[in-house]
Amino acid sequence: MAKRRTKKRTHVGANNPVVASAERRSAGNPKSMVIRIGAGEVGTSISQLATDVRKVMEPGTASRLKERRGNKLKDYVVMCGPLGVSHLLLFSRSESGNTNLRVALAPRGPTMHFRIEKYSLCKDVQRVQRHPRGGGKEFLTPPLLVMNNFATPGADAKSKVPKHLESLATTVFQSLFPPIKPQQTPLQTIRRVLLLNREPNSEQDDGTFIVNFRHYAITTKSTTVSKPLKRLQAAEKLMTTKSSRRGRMPNLGKLEDIADYMAEDGYMTDATSGSEVESDAEVEVVNNAPRRVLSSKARLAAERGEQNGQAHDDGDDDVEQNVERRAVKLVELGPRMRLRLTKVEEGLCDGKVMWHEYVHKTSEQVKELERRWERRRQEKAARKREQKANVERKQAEKEAKKQKKSGGADGDEDEDEDDEEEEAYSDVDFDDFVSDGSAEDAEMQDA
């Protein structure tokens, strides 16, 4: 006999530990799923674009997700709860050939619809680079989100997008990645940058909401030691060690002074020139090494040194040694996308349209839509009440059966007597009590 199905979502079983654990997971860092709707129909380019966007969203995404042709959006929405997924990025292609991206917050929305006007894959971006950067440790930590022109009053002056929807777009994009705490987040963990640049509005675009999507890797290089000095250090190391490699010793025979060699390639140091050109890409990084806890004797010695004026100078030397100048460079990883906001919905891809770029309704049409959605909400609330009443009724019936079984011990004697009578009557042949006009009836009449 087949096992009876038990409803999990709308009945008492919905309060299960699986859902509770999923809620605890979703309360932490955001998780996302990048999905191509209509697998096998969107084409190889859209499939590769979805794969590239998964790399951008790592590590908090389902990077090994396999879509099937028969999967629907409802299948992924159902799995958002148990897996703790908070965002859905849905790639699709319309019948007219437009490529679309929907960014939705699970499980209740809202949903933002974007049209991808232009895009370039990671392989296209790396093909034009001289020294492309492949995958490495950069994808072990989430990227740093940089948003430009999202809250600039001058850029939004001609925008036809309402202010509250612009703030909603900012909130949705910010919630894609975990927040960064400047005082606690180590700088070594920030290895990528996701740049979302909103194009300023002009008269040609008629105030549309267009966002440029860029993805970069952060590379740093120490500039405290110059390149010629590094060559001399390498030459010194080569002289002190036994090695058969040649070609690393710099040729200083044609130079009159070591300063000429240090100033080659347009590099000027503080020792050779007082007017060093500073670049915006160079920053000072302080080495936050853990401090050693001093013992009582060492602390007393340090206090005596402070009285003599020695500890202050030593501390300044330590600070100067811990500061290092590094040049920061961004290497584009891809992909590139130009996103145009077309529609905003309340629910998860199925709700009231809050804003549309092309469809504009009058106040009467808006009121009619409000009445229609209010009627839908009332019908939904009625169905929920009916389901709740059915659950309570079934629970009461189960409790009544349990009480009947527990209270059946008091009436065991009555039930036994009834059983004996039924057994006695079952042994008697009821044909003996039926008169069929036989000889016995004739004798009774004669008497």
Side-chain angles (χ1 to χ4, degrees), residues 22-23 25-37 49-65 73 76-77 79-81 83-92 100-116 119 122 138-151 161 164-182 185 189-198 209-218 332-349:
E23 292 178 353
R25 289 195 300 269
S26 61
N29 295 335
K31 297 182 180 180
S32 61
M33 282 198 302
V34 182
I35 308 167
R36 51 192 176 102
I37 300 297
L49 179 61
T51 303
D52 295 342
V53 174
R54 286 176 187 173
K55 293 182 180 179
V56 178
M57 304 301 296
E58 285 186 357
T61 187
S63 57
R64 298 182 180 180
L65 180 64
L73 178 59
Y76 302 106
V77 175
M79 295 305 299
C80 288
L83 298 178
V85 176
S86 58
H87 294 76
L88 293 177
L89 282 77
L90 310 173
F91 287 90
S92 60
N100 302 318
L101 170 63
R102 288 173 287 177
V103 182
L105 272 68
R108 298 179 180 86
T111 305
M112 302 180 62
H113 294 247
F114 293 94
R115 176 187 296 174
I116 304 178
Y119 69 91
C122 291
E138 292 85 3
F139 298 97
L140 298 178
T141 55
L144 173 66
L145 180 62
V146 179
M147 305 176 65
N148 187 30
N149 291 335
F150 274 78
V161 182
H164 64 280
L165 294 182
E166 293 179 353
S167 60
L168 174 63
T170 304
T171 305
V172 170
F173 283 124
Q174 287 179 348
S175 62
L176 284 173
F177 304 100
I180 295 178
K181 299 180 181 179
T185 305
T189 60
I190 304 176
R191 299 176 177 177
R192 290 183 295 140
V193 173
L194 176 59
L195 175 61
L196 299 178
N197 181 28
R198 181 186 175 186
F209 193 92
I210 299 178
V211 178
N212 290 317
F213 183 99
R214 297 290 187 273
H215 183 218
Y216 300 92
I218 302 176
E332 187 169 4
L333 298 175
R336 297 181 183 180
M337 289 189 294
R338 190 173 189 262
L339 307 175
R340 184 189 188 100
L341 182 64
T342 58
K343 186 172 65 172
V344 180
E345 289 180 328
E346 274 190 355
L348 202 155
C349 302

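The first residue of the sequence shown is numbered 1, and numbering continues consecutively from there. Keep in mind that what you see is a predicted model, and the values were worked out from it rather than measured.
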Checklist entry - With distance as the sole test, does R214 use its side chain to make a donor-acceptor pair with the main-chain N or O of L195 at under 3.5 Å? => result no
Checklist entry - Any idea which heavy atoms bring P178 and N29 closest together, and the distance? => result CB-OD1, 3.5 Å
Next on the checklist: Rounded to the nearest 0.5 Å, what separates atom CE in M147 from atom OG1 in T170?
Outcome noted: 4.5 Å
Item to check | Step-by-step side chain to side chain contact (heavy atoms under 4.5 Å, CB included) determination, L90 to T111 | outcome: CA-CA 10 Å; L90 310 173; T111 305; over 6 Å; no
Next on the checklist: Quick one, L176 with L145, criterion side chain to side chain contact (heavy atoms under 4.5 Å, CB included). Give me CA distance, side-chain angles, the key distance, then yes/no.
Outcome noted: CA-CA 9 Å; L176 284 173; L145 180 62; 5.8 Å; no
Item to check | H215 side chain to G334 backbone, donor-acceptor under 3.5 Å | outcome: yes
Next on the checklist: One pair to check against side chain to side chain contact (heavy atoms under 4.5 Å, CB included): L333 and K55. What are the steps and the verdict?
Outcome noted: CA-CA 10 Å; L333 298 175; K55 293 182 180 179; over 6 Å; no
Next on the checklist: As an exercise, state the distance from CG of L49 to CZ of R36, rounded to the nearest 0.5 Å.
Outcome noted: 11.5 Å
Checklist entry - Is there a donor-acceptor pair under 3.5 Å between the side chain of T342 and the backbone N or O of H113? => result yes
Checklist entry - Is there side-chain contact between V193 and I218, with at least one heavy-atom pair below 4.5 Å? => result yes
Checklist entry - Can you name the closest pair of heavy atoms from A106 and L348 and give their distance? => result CA-CD1, 3.8 Å
Checklist entry - Between S86 (side chain) and K31 (backbone), is there a donor-acceptor pair under 3.5 Å? => result yes
Checklist entry - Do F177 and L194 come close enough that some side-chain heavy atom pair is under 4.5 Å? => result yes
Item to check | Rounded distance (nearest 0.5 Å) linking atom OH of Y216 with atom CG of L144 | outcome: 13.5 Å
Item to check | Heavy-atom closest pair, residues R192 and T141 | outcome: NH2-O, 2.9 Å
Next on the checklist: Below 30° counts as parallel, above 60° as perpendicular, anything between as tilted: where do the rings of F209 and F150 land?
Outcome noted: perpendicular
Next on the checklist: Closer than 4.0 angstrom, basic N to acidic O: yes or no for E345 and R102?
Outcome noted: no
Checklist entry - Which atoms form the tightest heavy-atom contact between L140 and P59, and what is the distance? => result O-CG, 3.5 Å
Checklist entry - Given the rule in the side chain to side chain contact (heavy atoms under 4.5 Å, CB included) test, do R191 and F139 qualify, once you have shown the distances and angles that lead to the verdict? => result CA-CA 8 Å; R191 299 176 177 177; F139 298 97; over 6 Å; no
Checklist entry - Are the side chain of S32 and the backbone N or O of H87 linked by a donor-acceptor pair below 3.5 Å? => result no
Next on the checklist: Looking at every heavy atom in both N197 and N148, which two are closest together, and how far apart are they?
Outcome noted: OD1-ND2, 3.0 Å
Checklist outcome for this item: Nearest heavy-atom contact between E58 and P143 is O-CD, 4.0 Å
Next on the checklist: If we check side-chain contact (heavy atoms from CB on, under 4.5 Å) with S92, which of these qualifies: L73, L101, I37?
Outcome noted: I37
Next on the checklist: Is the shortest side-chain heavy-atom distance between L339 and I116 below 4.5 Å?
Outcome noted: yes
Checklist entry - CZ of F114 to CZ of F213: how many Å apart, nearest 0.5 Å? => result 11.0 Å
Checklist entry - Under 3.5 Å, is there a donor-acceptor pair between the side chain of N149 and the main chain of R198? => result yes
